[in-house]
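Chain naming here is simple, since letters A, B, ... match the order of the sequence lines and numbering starts at 1 in each.
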Amino acid sequence: TAGITQAPTSQILAAGRSMTLRCTQDMRHNAMYWYRQDLGLGLRLIHYSNTAGTTGKGEVPDGYSVSRANTDDFPLTLASAVPSQTSVYFCASSAGASTEAFFGQGTRLTVV
Amino acid sequence: RKEVEQDPGPFNVPEGATVAFNCTYSNSASQSFFWYRQDCRKEPKLLMSVYSSGNEDGRFTAQLNRASQYISLLIRDSKLSDSATYLCVVNLDAGGTSYGKLTFGQGTILTVHP
């Protein structure tokens, strides 16, 4: 079914390595988001994009970068992974501010 | 102070019970409000939007109090399948300049037991 897809589902990454988490949606939503979810801290916004070609920083952007070259794709890159980036990462999209956000199934990342 | 705060619980209730969750938000300019549900190791999914006049969807009732800056979720006649984490979500939408900032509370864990 249509929706939002993340890849990979899970990954173990050595500290210091780089990695890109992929996110693709086929709903033509303008807004896309990256969150990380950690026990006791809930979902925290890393970066967001209101429309293709624009991005913005969320609550916890350090160590992460994003790009929005087109409407469908919103990859998240860790340039040099650290153990504190071990988390579950969710990508989401929405048509607008007052509408439902749809989430991908998440990527479980472990940095060792 | 966090932008969105919830009582993390956990709430343990028997089937058939009524349970209520509250959530407070700090930004008075916030425009959109939602309750999401998240099952264990799954992605969050929209439960219901919250409107100024309050709204109901079956056993679920959501209310918004702008003056006190809180929203609530009431679940009546709890079912075993209601066991999940309930996430309060607030979106600031000031003329579209920051509509990308869906902000989540840390979630309230609900367990419904037989």
Is it possible for you to say whether [X] and [Y] belong to one hydrophobic cluster, with membership spreading through side-chain heavy-atom contacts below 4.5 Å?
X: B/V90; Y: B/Y70; result: no
X: B/V13; Y: B/I109; result: no
X: A/L13; Y: A/Y89; result: yes
X: B/L74; Y: B/V112; result: no

Are there over 12 heavy-atom neighbours, none belonging to B/L80, within less than 6.0 Å of that residue's CG?
yes
Look at atom CZ of B/R76 and say whether more than 12 heavy atoms of other residues, nucleotides or ligands are closer to it than 6.0 Å.
yes
Quick one: what part of B/Q6 sits under 4.5 Å from any heavy atom of chain A, side chain, backbone, both or neither?
neither
So which part of B/P44 gets closer than 4.5 Å to some heavy atom of chain A, the side chain, the backbone, both or neither?
both
Aromatic contact between A/Y35 and B/Y36, with the criterion being ring centroids under 6.0 Å apart: yes or no?
no
Using non-hydrogen atoms and a 4.5 Å limit, figure out which bit of [X] sits close to chain B: side chain, backbone, both or neither.
X: A/Q37; value: side chain
X: A/L41; value: backbone
X: A/R44; value: neither

Nearest-0.5 Å distance that lies between atom CG in A/L43 and atom CD in B/Q38
6.0 Å
To the closest 0.5 Å, what do you measure between OG1 (B/T103) and CG (A/L45)?
7.0 Å
Sorted by chain and residue number, the side-chain hydrogen bond (donor to acceptor under 3.5 Å, both in side chains) partners of A/R28 (sequence neighbours excluded) come out as A/D72
Looking only at heavy atoms and a cut-off of under 4.5 Å, which of A/G106, A/A101, A/G56 has the most pairs with chain B?
A/A101
Show the nearest heavy-atom pair for residues B/K42 and A/F90, with the distance to one decimal.
O-CZ, 3.6 Å
